[in-house]
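Chain letters run A, B, ... following the sequence lines, proteins first, then strands; residues in each count from 1.
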Amino acid sequence: MRKLTIRRGGAVGSAVALVAATAAACGGGESEATQSELGKDDVLTITTFSDFGYDKLIDEWNADPDRPFTVKMTKIADWDPWKKTLTQDLQAGHGLTDIVAVEGDAMPAFLADGASDQFADLSDPELEDRWVDYAYQAAQTADGKQIGYPTDAGPEAFCYRADLFEKAGLPSDREAVKPIFESWDSYFAAGEEFVAKVPGSKWYDSSGSIAQAMLNQAEFPFQTEDNTVDVENPELEEVWNTVTEYSETLSPQVVQWGEDWTANFRNDGFATMPCPGWMFSNIKSSAPKVEGWDIVDAFPGGGGNWGGSYLAVPMQSEHQEEAQEFAAWLTAADQEVAAFDAAGNYPANLEAQQVLADRNETDAYFNDAPTAEILASRAAAVEPGRPYKGDKYSDILGLFQTAIQRVDEGSSPDDSWETFVQAVGSL
Amino acid sequence: MRLSPYLYVVPFFAVFLVVGVYPMVYSGYLSFFSWPRYGPHHGDPVGFANYAHVLQDPVFHKAFWNTIGIFLLSSVPQVILATVIAAMLDTQLRGRTWWRMSVLLPFVVSPAATALIFGSLFADKTGLVNEVIHAVGLPKVGWHSDRLASWTAIASMVNYRWTGYNTLIILAALQAVSSHLYEAAAIDGAGRVKQFFHVALPSIRPTMLFVIVTSTIGGLQIFTEPRLFDTNLQFQGGADYQYQTLTMYVFNTSNSATDPYPRAAAATWIIVLIIITIALLNFAVTRMIQRRSER
């Protein structure tokens, strides 16, 4: 029996040692990884989410006998699971690929102190004028460290159903509708006229997308310049009051991306929606048989940007120089045009935007609208630096959208606002 | 050689220590520290601040009651239904194997697929269930906005998946009951129903206990169904947290802005305590019933 106890002690001892070893291995470090050079057949790794349109580009790169190194890409279906892995591996200090794709709204959180130390500085004076200003600056820390290169941007136009407009007696021609989208006042006024004449349809796709569009024009919606959380400001209250006021009359009161939202594309559920370039393919796939969609080169209250991603290089990469080189290559004009052709992501690269505009491409689905020209003009209308995105931008934005959903589902705006303020307080 | 049995179980316990005990202990340790988001190391000790935060969070309170509500709406009907179906299958049916296999069919469907199907059935405006309700002339139900309705929808998903599984376990126990007992009861003049309540049920008590305990634990850990049922883009379990469960709370907290991991760790440990309490309660109640029936 005594012997047994010792043996058991031994087993526990070795297990404890194993645990200790694991713990030690997991202990993260923020120190920079030792750098090593890559040969032709050595692999540089990159992770992207959803579709960046890089498959063909990387195949071509790897097929080139003169390539400096080989590239292997991991594709993750959605941003959210990838965000979790990215966060965990940053904290663990290892496990990430040499290049990582980062979604635009989450970028501010990675720019915060502590987080930005874990990314390599990609600033390069030769490249800094290559992209739309607002997209480039959004990946820059306060002290000028550049942690990402913009892959695409989401300048917003408005998509509308010309056939439903006609039914309501509104103008439907791409030029003639512009006055409707002149300001938010004219937009909502036309909406009230529309729903009065076409009772079966609502004016826009969801309260959330209109809130998003208005927020994208605000200066400091959630946080002040020094990142103090301040949601009880007049700017945000105005967005709140407007959206909740029209929830009953103009909105179908459904959540974006949900079953009911998608169904509304097919059953004339609504007539207009804010439309960044990447939304085009969503409309086409949700309503392949609906005829009457068109795009107007105007946006109430100016312009706005919705979406757009970045390529970043984590400090834990052992090939930071090559990673930066490859990220710069992927975000150069030719490659961003190729990515647009493959996946429809509107380029953040200025030269690439010009190339697309010169091609004068039209889209038959949207009544032959000159999509590239419209998006280039919309990109010019975006005000850089708006909205200010502090470190908690995407967290608060989520809570705000949730608060709007509550009103859509029947809560009183005041109760919902109170819950929102409380939830922001416990962030 | 009394050593060998221990040697045989060592591999399991070694693995269990590393992937089971160590993370548990470490999460307990972590729950007393701060850890800024994206930071590589945990920060200073904060005492019970993380526990205080979780316990004072109104969302946590809501999640607690949601979990209890969904648990009651799923586990209770599930066990009763499973017992009834098992009793019916324990007779001389034609094509018995076919009936028994078809009961298990929903269990084979992956939970993600189940959630997709039920998500479109219970869609608030265009779902089949509401279309039918509307066709009969009743007002549509807010399956995603009304608290009780959302619990019901989620519980029906859980029941769809697990009733068949529990049925088979209970059926196996019922078949092990000796036929002599039934015959003796029949001679004493007991009908089918009386036989079921006074012979079958008492004989399968250990199995019933197993089924109740596993479905309790499963019910308190429910995550996949409400998460995939969620239409809220932030997965808050409905815009007003109508069906956010405790495990969803942990998951969401681990992605929040301030001290995500320590707060999630604290919430996990609070849930562990809740489950232990309910398990003890369960145990006490069944002991009491057993004692009473033995008397």
Region of B:Y261 that comes under 4.5 Å of a non-hydrogen atom in chain A: side chain

Where at least one partner belongs to residues 51-60 of chain B, residue pairs that pass side-chain hydrogen bond (donor to acceptor under 3.5 Å, both in side chains), sequence neighbours excluded: B:S31-B:Y51, B:H53-B:R263, B:D57-B:Y249

Gap between atom CG of B:L233 and atom CD of A:Q405 - 0.5 Å precision: 7.0 Å

Per-residue contact mode, A:A403 against chain B (heavy atom under 4.5 angstrom): neither

Residues of residues 199-211 of chain A near chain B, each having a heavy atom less than 4.5 Å away: none

B:Q234 to A:G398 - nearest heavy-atom pair and separation: OE1-O, 3.0 Å

Chain B contact via A:Q256 - side chain, backbone, both or neither, heavy atoms under 4.5 Å: both

Neighbour count above 12 (heavy atom, 6.0 Å) for B:F223 CZ: yes

More than 12 heavy atoms of other groups within 6.0 Å of A:E248 CD: no

Contact listing (chain A partner; residues 235-247 of chain B; heavy atom under 4.5 Å): B:Q236, B:A239, B:D240, B:Y241, B:Q242

B:H134 NE2: over 12 foreign heavy atoms closer than 6.0 Å: no

B:F12, CZ: over 12 other non-hydrogen atoms inside 6.0 angstrom: yes

Flag if over 12 foreign heavy atoms under 6.0 Å of CD, A:E418: no

B:P260 versus chain A, the contacting section by heavy-atom distance below 4.5 Å: neither

Under 3.5 Å: donor-acceptor pair, side chain of B:K125, backbone of A:A263: no

Partner chain A: residue of B:N232, B:T231, B:V21, B:T258 with the largest heavy-atom pair count (under 4.5 Å): B:N232

Residues of residues 105-113 of chain B contacting chain A, heavy-atom criterion under 4.5 Å, by residue number: none

Under 4.5 Å from a heavy atom of chain B, the part of A:D395 involved: side chain

Part of A:D391 within contact of chain B (heavy atom distance under 4.5 Å): backbone

Heavy-atom proximity to chain B below 4.5 Å, by part of A:S426: both

Nearest heavy-atom neighbours spanning B:S254 and A:K84: OG-NZ, 3.4 Å

A:W257 atom CH2: more than 12 heavy-atom contacts under 6.0 Å: yes

